[in-house]
Q: 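Pasting a structure below so you can have a look.
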Amino acid sequence: MKLTILGGGGFRVPLVYGALLGDHADGRVTRVVLHDVDAGRLRAIARVLAERAAGVPDAPEVTATTDLEEALRGADFVFSAIRVGGLEGRADDERIALAEGVLGQETVGAGGIAFGLRTVPVAVDIARRVARLAPDAWVINFTNPAGLVTEAMSRHLGDRVIGICDSPVGLGRRVARVLGARPAEAWVDYVGLNHLGWVRGLRIAGRDELPRLLADPVLLGSFEEGRLFGADWLRSLGAIPNEYLHYYYFNREAVHAYREAGRTRGAFLRDQQAGFYAGVADPAVPALELWDRTRAEREATYMAENREAAGAGEREAEDLSGGYENVALALMRAIARDERATLILNVRNRGTLAALDGDAVIEIPCLVDAHGAHPVAVDPLPGHATGLVCAVKAVEREVLDAARSGSRAAAVKAFALHPLVDSVNVARRLVDGYTAVHPGLAYLR
C-alpha cells in the first residue's frame, strides 16, 4: 500500500513512520511518499527516517518529492499534516491577537480563525486533486484546525476524509488510568468539536465509572485535567473537558499567562525547529538522536502557560510519547484490513448531534471498518455545551464562507462571532493585522 504524507518535511512525521515500522501484517503500508513545498525540510526528515529504519527488516520504502500530483497519484491513503505559512505564520497569529488582548492559539480563538482562513483554500485544492488523481484513497487529516479543515475537504471528498486528533485519546487514557482500568477496555463517552469536547462517561465492563472519579477529590487531583480545571469546576460540569477548553473556561488567566511569557508557543517552536533543521543539514550530526532530544523538549513544554496559570505542574511522563500516530495507524489498519475498531474521530455529524446539521464535522466515537468511520449515537449535550459547540461551529461556517467567496466581511464576522473575541472593532483590526502580514490571506477583499 502507498501512503502519501503531505507536510512530509514536518517535525512529527517520524512518529508516523515509527508506528509503521512495527506493523508487519499483511495489508500494511509498503511505500511512503513524503511531499512538502520545502525541499530542505524533506531532506532532513528523510535522514531521520532512514536512521530510524536502519536494521528493520522490510521497512517501508521512503521517497520524497515537491511535486504534489506525483505524490498523490495512486495513493491508497493520504495523511495531511500541512502548515500553511509555517511556524512563522503561527507566531504572527499569536502576536497579532495578543496585541489586541485576545487569544492567538493556533486552533482556538483568533489564532485558529487566522490559521483556518489561510489553510482552507489550500486544503480544498488538495481535496480536489485527490478526487481527481486518487479517487479511491482515504484522506486522514491532522492539519489544524482539524475539524474545520476536515469539513472543508469533506465537501469534495465526502466521507473519504476523516480527521484525527490525539487530544481525546490522551484524555481518555488518563481518565481510564486514574480509575485503574486498561484504556483498551474502556468505552469513552466523548463528544464535541475538535479541541472542544467533553468526556461524559467512561464505561468499564458496562458500568460508568466517571461518577466515582468526580466524587473523589484525591483522584481528580491526580491527573492533568483535574489539576488544570480544578475539582470543583469538574464536579460542576459533571464531565471532564478536553484540555483546550481551559482557553474558554479560564480565558483571562490564559491570555495573561501568554502575554507574560517571554515568547509565545509558536515563536518557541519556530526557533526550536530552526535549530533542529539546521543541525540535521550537517551530515556529521546524528539526525535521529537530535530529533529525539528536540521532541522531548517540545512535548514537555506543551501548554506550559496554561499549566502555569492553573498551578498544574509538569506533564506526566506517560503523556510525553505522542499518540496521533497510533490513531492514524489504527484507522488505516481498520479500513485496509476490515478490522473493526472504535476510535474518536472527526467525521460528518449525520444526525448524531441534533443541534447541528448532517454535514457538520464533529468529534465523536466511531466504529471503523472497510467502509470508513461510522459515528456512534450519543446522548444530547447539556445546554451550556450545546451553546458553545453551536457558537464555534457558526464561526467555522463563516470561515468556510470567507475562504470560498473571498469576502472580507465574512472574515470579520467569523472573528466577531467567536466567544473569545469580544468586539466587532477588535475583529476588524484583527483582519487588518492578519491580511497585512500573511500573503495567504491576500484573497480577502
Side-chain angles (χ1 to χ4, degrees), residues 1-21 23 27-53 58-87 89 118-144 146 149-150 152-164 273 277 280 287 291 324-325 327-329 331-333 335-336 372 440:
M1 284 197 309
K2 174 182 175 181
L3 168 63
T4 294
I5 302 179
L6 307 181
F11 182 78
R12 299 179 78 179
V13 168
L15 293 171
V16 178
Y17 189 68
L20 295 175
L21 291 178
D23 185 21
R28 69 188 182 96
V29 171
T30 55
R31 182 184 176 203
V32 176
V33 178
L34 307 179
H35 172 269
D36 206 288
V37 296
D38 188 324
R41 288 168 66 96
L42 276 176
R43 286 192 296 271
I45 294 302
R47 273 199 66 202
V48 176
L49 302 193
E51 291 187 17
R52 191 153 198 177
D58 299 324
E61 173 195 1
V62 176
T63 58
T65 180
T66 56
D67 185 326
L68 178 58
E69 299 212 345
E70 175 189 340
L72 292 177
R73 193 171 286 111
D76 297 291
F77 288 91
V78 177
F79 187 91
S80 180
I82 63 174
R83 180 173 290 281
V84 180
L87 286 170
R118 65 176 184 272
T119 302
V120 164
V122 178
V124 166
D125 177 63
I126 289 170
R128 287 172 171 157
R129 292 183 191 228
V130 170
R132 176 167 54 88
L133 298 167
D136 295 327
W138 291 89
V139 177
I140 300 174
N141 178 60
F142 191 69
T143 297
N144 277 324
V149 172
T150 301
M153 298 181 83
S154 74
R155 296 184 175 186
H156 303 274
L157 296 172
D159 293 326
R160 296 192 78 86
V161 58
I162 301 168
I164 67 170
Q273 291 193 21
Y277 285 104
V280 176
W291 179 83
Y324 85 101
E325 68 280 5
V327 181
L329 184 59
L331 177 57
M332 286 191 288
R333 183 187 295 120
I335 293 174

Q: Heavy atoms only: give me the nearest Y17-P60 pair and the separation to one decimal.
A: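 Minimum heavy-atom separation between Y17 and P60: OH-O, 2.7 Å.
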Q: From D36 CG over to R41 CZ, what is the distance, rounded to the nearest 0.5 angstrom?
A: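 One gets 6.0 Å once the value is rounded to the nearest 0.5 Å.
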Q: Just by distance, do the side chain of R118 and the backbone of V84 share a donor-acceptor pair under 3.5 Å?
A: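 Looks like yes, one N/O pair under 3.5 Å.
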Q: So, the side chain of T66 versus the backbone of A39: is there a donor-acceptor pair under 3.5 Å, distance only?
A: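 The answer is no, because no donor-acceptor pair under 3.5 Å joins these two groups.
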Q: Calculate, to the nearest 0.5 Å, the distance between atoms CD1 and CE belonging to I140 and M332 respectively.
A: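 Here the rounded value is 5.0 Å.
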Q: Of the non-hydrogen atoms in G74 and A134, which two are nearest, and what is the gap between them?
A: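 Residues G74 and A134, closest heavy atoms: N-CB, 4.4 Å.
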Q: Determine whether L34 and L49 make a side-chain contact, defined as any pair of heavy atoms from C-beta on separated by less than 4.5 Å.
A: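 In contact.
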Q: Considering only NZ, NE, NH1 and NH2 on the basic side and carboxylate oxygens on the acidic side, decide whether R132 and E69 come within less than 4.0 Å.
A: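 Yes, charged N to carboxylate O under 4.0 Å.
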Q: Are L331 and F79 close enough that some pair of their side-chain heavy atoms sits under 4.5 Å apart?
A: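 No, too far: nothing below the 4.5 Å cut-off.
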Q: What distance separates L329 CG from L15 CG, expressed to the nearest 0.5 Å?
A: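 Reported value, rounded in 0.5 Å steps: 12.5 Å.
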Q: So do the side chains of R160 and V130 get within less than 4.5 Å of each other, counting heavy atoms only?
A: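 No; the side chains remain at least 4.5 Å from each other.
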Q: So, R129 side chain and L72 main chain: donor-acceptor pair closer than 3.5 Å or not?
A: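 Pair absent, no side-chain N/O of R129 close to backbone of L72.
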Q: Between the side chain of E325 and the main-chain N/O of A19, is any donor-acceptor distance below 3.5 Å?
A: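 It does not hold such a pair.
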Q: Without swapping roles, check the side chain of T143 against the backbone of S80 for a donor-acceptor pair under 3.5 Å.
A: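 Side chain of T143 to backbone of S80: a pair is present.
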Q: Answer whether the closest heavy-atom distance between the side chains of V29 and D76 falls below 4.5 Å.
A: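 A side-chain contact under 4.5 Å is absent here.
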Q: What is the minimum heavy-atom distance between D159 and W138, and which atoms define it?
A: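 For D159 versus W138, the nearest heavy atoms are O-CZ3, 3.4 Å.
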Q: Does any non-hydrogen side-chain atom of L6 lie less than 4.5 Å from one of L68?
A: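 Yes, close enough: below the 4.5 Å cut-off.
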Q: Of all the heavy-atom pairs spanning G10 and P14, show the shortest one and how long it is.
A: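 Smallest heavy-atom distance, with atoms named: O-CD, 4.1 Å.
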Q: Is the side chain of T30 donor-acceptor paired with the backbone N or O of M1 at a distance under 3.5 Å, no angle test?
A: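 Yes: the side chain of T30 pairs with the backbone of M1.
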Q: Return yes if some donor-acceptor pair links the side-chain N/O of K2 with the main-chain N/O of A71 below 3.5 Å, else return no.
A: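 Side chain of K2 to backbone of A71: a pair is present.
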Q: So, taking the atom named CD1 in I126 and the one named NE2 in H156, what distance separates them when rounded to the nearest 0.5 Å?
A: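 NE2 of H156 is found 12.0 Å from CD1 of I126.
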Q: Mind checking whether I82 and V149 have side chains closer than 4.5 Å, heavy atoms only?
A: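 A side-chain contact under 4.5 Å is absent here.
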Q: Where does the angle between the aromatic ring planes of F11 and W291 fall among parallel (under 30°), tilted (30 to 60°) and perpendicular (over 60°)?
A: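 Because their plane-to-plane angle lies in the 30° to 60° range, the rings of F11 and W291 count as tilted.
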Q: Identify the two heavy atoms, one from L42 and one from G8, that lie closest to each other, and give their separation to 0.1 Å.
A: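 Residues L42 and G8, closest heavy atoms: CD2-C, 3.9 Å.
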Q: Would you say the side chain of I162 lies within less than 4.5 Å of the side chain of I335, judging by non-hydrogen atoms?
A: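 The answer is yes, as the side chains (C-beta and beyond) meet within the 4.5 Å cut-off.
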Q: Just do the side-chain contact (heavy atoms from CB on, under 4.5 Å) check on L3 and L20 with the steps written out, would you?
A: CA-CA 10 Å; L3 168 63; L20 295 175; 3.8 Å; yes
Q: The criterion is salt bridge (Lys or Arg N to Asp or Glu O under 4.0 Å); which residues satisfy it with D38, sequence neighbours excluded?
A: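 D38: no salt bridge (Lys or Arg N to Asp or Glu O under 4.0 Å) contacts found.
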Q: Determine whether more than 12 heavy atoms belonging to other residues, nucleotides or ligands lie under 6.0 Å from atom CZ of R43.
A: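 Check fails, neighbour count at 12 or below.
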Q: Identify the two heavy atoms, one from G9 and one from I45, that lie closest to each other, and give their separation to 0.1 Å.
A: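 Smallest interatomic distance, heavy atoms only, reads O-CG1, 3.3 Å.
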Q: To the nearest 0.5 Å, how far apart are CG in D125 and CE in M153?
A: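 CE of M153 is found 9.5 Å from CG of D125.
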